[in-house]
Each structure stands twice: as structure tokens, then as C-alpha cells.
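Just the heavy atoms: all of them, side chains too, but no hydrogens, waters or symmetry mates, feed the values below. Lettering of chains follows the sequences in order, A, B, ..., and the numbering in each one begins at 1.
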Amino acid sequence: MALLTSIWRSAILRVARWLFALALLHAAAAQAAAPPPEYQLKAIFLFNFAQFVEWPPRATGGEQEPFVIGVLGDDPFGPYLDETVKGEKIGNHPMVVRRYRRAEEVGDCNVLFISRSESDRMGQIIAAFRGRSVLTVGDVDDFNRVGGIVRFVTEQGKIRLRIDVKAAQAAGLTISSKLLRSATLVTAEDK
Amino acid sequence: MAFEDLPIRRKLMTIILGTSAVVLLIVCSTFLGYEFITFRQASVQQLSTLGEIIATNSTAALAFDVPDDARAVLTALAAERHIVAACLYDKQGRLFAHYPSDAAESAFPAAPGADGYHFEAAHLVGFAPVVQVKGQRLGTLYLRSDMVALYDRLRLYGGIAVLAIAAASLVAYTLSRKLQQQISRPILALAETAKAVSIHRDYSVRALKFGQDELGLLTTAFNDMLAQIEEQNLALRRAYDDLRQTQQAILEQERLRALGQMASGIAHDINNTISPASLYAESLLEREPNLSARARAYLTTIQRVINDVAHTVSRLREFYRKREPQLTLAPVNLNQLVEQVTELTRAHWADTAQQHGVEIKMRMELAAMLPAVMGVESEIRDALTNIIFNAVDAMPEGGTITVRTSLMTARDPEGKSVPDFHAAVEIADTGVGMDEETKRRCLEPFFTTKGERGTGLGLAMVYGAIQRHDAKMEIDSAPGGGTTMRLLFPLPATAVEMPVAASAGTLVATHLRLLVVDDDPELLKSLADTLGDEGHEVMTAGGGQAGIDAFLAAQNAGRPFAAVITDLGMPMVDGRRVATAVKSASPRTPVFMLTGWGQGMADEGQIPADVDRMLTKPPKLRELREALASV
């Protein structure tokens, strides 16, 4: 009976969730030009990095300090990122999304997505964050070559990760081996 | 067969084996049940641990959408052969990856269920959350494990339990076969004894006792009961024998009394009949000096024959004589008595034996100077007679009877001599002897080995007489070895003098006027004749009343009688009334009573009040003279 009830409950919840997601999608489409669907997954990935990466204590700040996911440049996520992060917490830290136009604006930040719009200055931007405990993420082709830590690669319609472990170590970040196992590691020749 | 009717041995075995089997079954079942539960618990524990490992390793695959990685993680389950299926669902509950990878998707639940593990048919299944950071659920892991391990183990334990029960039962059977005897053996022994008792009515058997427990007490109680029954049985039997003997003795007494009455009548008549012959013969022999030698010889023979007849008749008296409790003991010369008895029984042992063509010798070994003993001569005489008759009967082929008198000591029951001396009379024959049984029973009344010829009373009467004399009786006998009967009489404290027989001198009394009364005319005439010859003036009366009349007439006429001699038994008016009448008319006139019972009455103190002297029939002139001399 309990099993049956729980099955039913989960089924109802699942249906409800789907209905809710559909409603949101329609709302977003009505608001602006709809972002490509791959960014929905990338938003989730950005959110998930929080679970598989360890920041040094001072980077996340003290109690109640927010866990910041930043977007530098044009925001390709539409409403996805906000939806994903909304109300979520990592430990005691509430998650927030901050958007920056210039690198200088970036203050305390844990995960920073550097938009395609910043392609020309990518090397400079990344160099600016050298020595800061910021997980840099991007989806431009030479993101790793210019010193970015995590790059989204689309292969056969699937989003894959390419991670530069050395860059992460230089930033003082520890990336979970589990994350590394499901990603492609960047070697020196790749650069 | 119902369990109640089973033999106690089988019952005990069944109880012991049944109990141990049940106990073992309970123990084994408990053990198996415990194993079953703990194994299930352990299985859940193991599966949840495994689930946790898989789930932890699957977080990145789910977080970053890498199904290949998830599949690789799940493939690691191949190492645990009991895991038959596993799969991962993503955050949205969609199937993400499954194991084995070649299984159809329909083989897995379409959507994840509630977290936790439970048993489903023959499987243990469950869902576990996939979480990397607390609060952030990435998906769900599903695991299904078969319970073959549990059933394998239960089967193994079941087999071990069956073997253990079988082995334990075998041991219990062997042990109980031995141990149940502790209980069954005494009970069976009791049962056997009870059966033996009820079948053979033998109360002398006893049940064997094995211990001091309740069964031992039971056995003791049972044996005591048997002992009591045996004792009571014996007492009953003894009482019954006593009763039977008493009854027989009473019957026999009654018979003897009837016989005695008849015998007394015959004795009376014979004594009356031979009285004249006795009187005339004696008178002739004494009064006729000129008798020819031939006449004298004939008369002597007649006198002796009459004396023998009188003697024979006197022995009849023993039949009817009442046995008084107080015996009149008189000194008895045993040697003389023995000689008398051998003479009296001569006809039996010499003549009868000769008729049968065998010879019986009589040997006498009499001790000189044997002291006289106190006793009743007639009883001792009868006892000796009886023993001699038995000795003759014991020697159908002839032999020797030895009669011996001596002074000797008696043997006490242990066979040792006791110091006081006895006068012994021993009668030994060389006959067939007695076996133990006969020897033991020969004194019982009505026990006889002579068949129809024996009354079984002879030795019983001897024994009675011996007891009345405080004497002892010893019997030595063995089959084929002859029999020796020994009578031991106690010696009186002081030696007794044998009375000197009264001298039979010819007392010539004064001439007297006598009245003789008797209903027997022959006797009356012979008395008148002989007393007349003595010189007396004799008047006769043929009956009691006639006698009284004659006496009173003579009294009135002034010619009274000096003495009256009267018969006792007469019709109408008997001797007692004659005596009374005489004494009332003339108290000083002596009355002599003649009777066939005379001697017996005198012995027993039955002399009627008015009679001066009793005289036995046949009357002797000598006795008459003696009586009249006292007038």
C-alpha cells in the first residue's frame, strides 16, 4: 500500500513538474527570443559544479555568504539559469546568479561563465582571474587554450566537459574525481 | 494399538524419543528461523551498502549526463552474482542507465519508487537516492537481488538439522534403551511377580527390588503385602485345619459314645449271663473237696475261660468310659503291665500271624528295679496294646517285636539329652518303617496307612493318653528300617509303694440272713445257691419292688436281714431305689450293689449314696466273702 501510494505520489509529482516546466517555457518564449535548448542543460551543469568542486574556505566567504554563479558578457541562458538556481542552497550558502558586463565588475564569484560575446578578450579576462579561486567556464573553442578551466563541448548532440586540471589547481580548486571521470581532461598538447 | 495399551518399555521409548525429537525440532526451527531473519536483515544491510557505493559513484554521471559512465559503474555489480538487476533514474525519474546492459527496459520499473528496500516474491528490491551534496538529489538507484544465497543457506542448515536430528535420535534411542530399564525393570519385575501370584496362588514369591526410589518403595510395599497375605493364608489354613480336626474329633466322639452305649449294654448282658457259671465253678472248686481230678480240671478251665471272658468284656468298658479331666492316678508297675499286655495280645501277634504263614517273635528286655510310675493302668495298657497292634501290622512278612523297659533320659526337641530320668517303655519292630511324611502325620486323628482296616485313631488315642500322663513319646523310624516307639513316663518325686494284693484267704463269716435282689433268675438262683453253701440264710426277690417288700416284711416280722445284695439295673424299680428304701427303713443295714458297670462307677466316684460297696459282675465268692465279713 505504502509502495503503491509512493508510486502514485511520485507519478503525480512528475506530471505536475512537467506541466509547470511547460508553462514556464511558454512564458519565456512569450517574453523574449527563446535561447537554444542546449543552454538549459548547461545551466544545470553550472549549478551542478557547485557539488563537485571544492573552493578554498576564504573564497566562499563566511556563514550566510551567497554562493555566486556569475555570467560575464551576453547572457545566453534566458530564464534557465535563474530557474535552476532559484531557492537552491549549497550547504548554508544560498545560491545567487550575478551578471557582469566587464571583468572588472566581477567581485566575489565561485563559478563564472564567460559568454561567447567575450571571445575576443577571452585571454585577457581569464588572465585577470589568475590567482583567484574562480571556476571559469566557457563554450568557445579555444577556451582551454587561453587558460579556462572547464569548457562545454557538444559532441554528437551531447554536451561534454573538457577540464584543465592544472588550471583548476592553480586557481586553488579541487575537482571531484567523479567529475573528472565523466569529463575529458585537457593535456598540454591540446593547448 | 492405543498408546495406553502399549507395553511399558515401548511407552517409555516412545516418550523419550518423542520428547527428544520434539525438543530438537524446536531448537532447529528456532535456529533456522533466527538464521532466516538475520540473513534477511544482513541481506538488506549488504544491499543498502552496495547501493550506497553505486549511488555515490553515479553522482557525476547523472549530474553531467554521462550514461556510459553510469553504465560502467553499474557493470561493477557483475562481481556480486546475486544482484540480478540494477538501474539509475535521473532527477526527472527517467531511466538513465541499466544493468545488465542487454536487458530490455521493460524489465525495470518504469519510474522510481519510494526509497528503501523490501522483499518482493523471491527477491530483495529497493530504491536508493543518488546524492552528491546534501539536499541536492541527482537521481535514484534501483537494485534487485535474488534470495538464492538465503535459500542455499537455509537448505544447508536444513540438511544439517535433519542430520543432527537423525544422529541425536539414534543416540537417544541407544541411550533410552539402556536408561528406560531403570524404570521398566522394577515395574516388569512387579508385574511378573503379580502374574506368578495370581496364576499359581503362590504367595511366597517376592518381587526383586532394584533401588530405594518410589518404585523400590512400591516393591517393598508389594512384598510386605504378599508376606501379609501369605501369613494370613497360613493362619486361615491352620484355623481351618484346627476346625476340621475339632469337627472330626467331635464326630468321632459322638460315634464312640454311641458305640460305647452299645458296648456297655452288651457288657452288662454278658456279665449277667456268665455270673452263674462263675459262681458255681468257684463254689464247686472250693466246696467240693471230693471232686475227681477230671472234674476239677474241667471246672478250672471253665473258671479261667469265664475270667478271660470277663476280662475281654472289661476292655469293652474302655470304649464307653467317660474320660474325666481329673485322672485317678495310681502307682503302676510298668514291667508287670508290659507282661500283661504281651499276654493279652498274644492271640494277635502269635496266632493271627501264624494263620498267615509268618512268624512274629516277641522279645522282652525288662529292666530290673524299674521304679513305679503314677498313672492310669488301663490307659497305659491300651496305649501299649495299640502300639503292639501297629507293630504287627507293620510286619506282614514277620519279624521281631522287642519290648524293652529302662530308665533313660528324654531328648529335647534339638535331640540333646535332658538330665531328668524317665521310666521308658520301648516297643521296636523290624517292619516296613515310616517315611518322613507318615512319621510327621502318624499322630493325627484319622490318619491311617491301613486303608479300610484302620480307623486312624490308634496312635491318636495313644498320644492323648501320653499327654494326660505328662509323658513323652519318641518315634524313631525310617522306611524299611523298622519303627521304635518310646514312651517316657516321668518318675514321681518320691518312690511309691505298690499296694500289696489282698490275700485271698478263705474267710468263713458268721451265718447271716441275706436278701438278694436281681431281675435275672439264673443269677438270682446261683447267688442263692452259692451263698447258701457258704452257710448263709438267703432270701431272694426277682425285682426291685419285690425286694423292698420282702425287706420291709422281714423288718416288720422282727426278722430283719443282716445285709442286702441288689442288682443295679432292673426294670421299674432299680437298685438305687432298693438301696434308698433299705437305708430309710434301716440305716445300719449294709447294702451291696452288684453291677456290670460296677468297676467303672467305683473308679469314677459314682457310688450311689445309699450303697456301701459296689461289686462287679461276674461276682467272685472271694469278694462276696470279703464284703460280708465287714458286716
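- Looking at A:Lys89, only its backbone comes within 4.5 Å of chain B, counting heavy atoms on both sides.
- Counting heavy atoms from C-beta on, the side chains of A:Glu88 and B:Gln136 come closer than 4.5 Å.
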Evaluate the criterion side chain to side chain contact (heavy atoms under 4.5 Å, CB included) for residue pair B:Val131 and A:Gln51; output intermediate values, then yes/no.
CA-CA 9 Å; B:Val131 176; A:Gln51 299 172 46; over 6 Å; no
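- Between A:Ile44 and B:Lys91, every side-chain heavy-atom pair lies at or beyond the 4.5 Å cut-off.
- No more than 12 heavy atoms of other residues, nucleotides or ligands lie within 6.0 Å of OH in B:Tyr173, so this atom counts as exposed by the packing criterion.
- Of the two parts of B:Asp68, neither the backbone nor the side chain holds a non-hydrogen atom closer than 4.5 Å to a non-hydrogen atom of chain A.
- In this structure, A:Arg160 contributes its side chain and B:Val66 its backbone to no donor-acceptor pair below 3.5 Å.
- Heavy-atom distances place the side chain of A:Leu41, and not its backbone, under 4.5 Å from chain B.
- Surrounding CD of B:Glu214 are at most 12 heavy atoms belonging to other residues, nucleotides or ligands under 6.0 Å away.
- Contact check for A:Leu179 versus B:Thr59: no side-chain heavy atoms found under the 4.5 Å cut-off.
- Aromatic ring centroids of A:Phe49 and B:Phe64 lie under 6.0 Å apart.
- Of all non-hydrogen atoms in B:Ala63 and A:Phe52, the two that sit nearest each other are CB-CE1, 3.4 Å.
- Within 6.0 Å of NZ on A:Lys86 lie no more than 12 heavy atoms contributed by other residues, nucleotides or ligands.
- Using a 4.5 Å cut-off on side-chain heavy atoms (C-beta onward), B:Thr56 and A:Lys178 make contact.
- The number of heavy atoms from other shown groups lying within 6.0 Å of CZ (B:Arg177) does not exceed 12.
- Atom CD of A:Glu104 is surrounded by more than 12 heavy atoms from other residues, nucleotides or ligands within 6.0 Å.
- Side chains of B:Asp65 and A:Ile159 form no contact here, defined as non-hydrogen atoms less than 4.5 Å apart.
- In this structure, B:Gln181 places its CD atom where more than 12 heavy-atom neighbours from other residues, nucleotides or ligands lie under 6.0 Å away.
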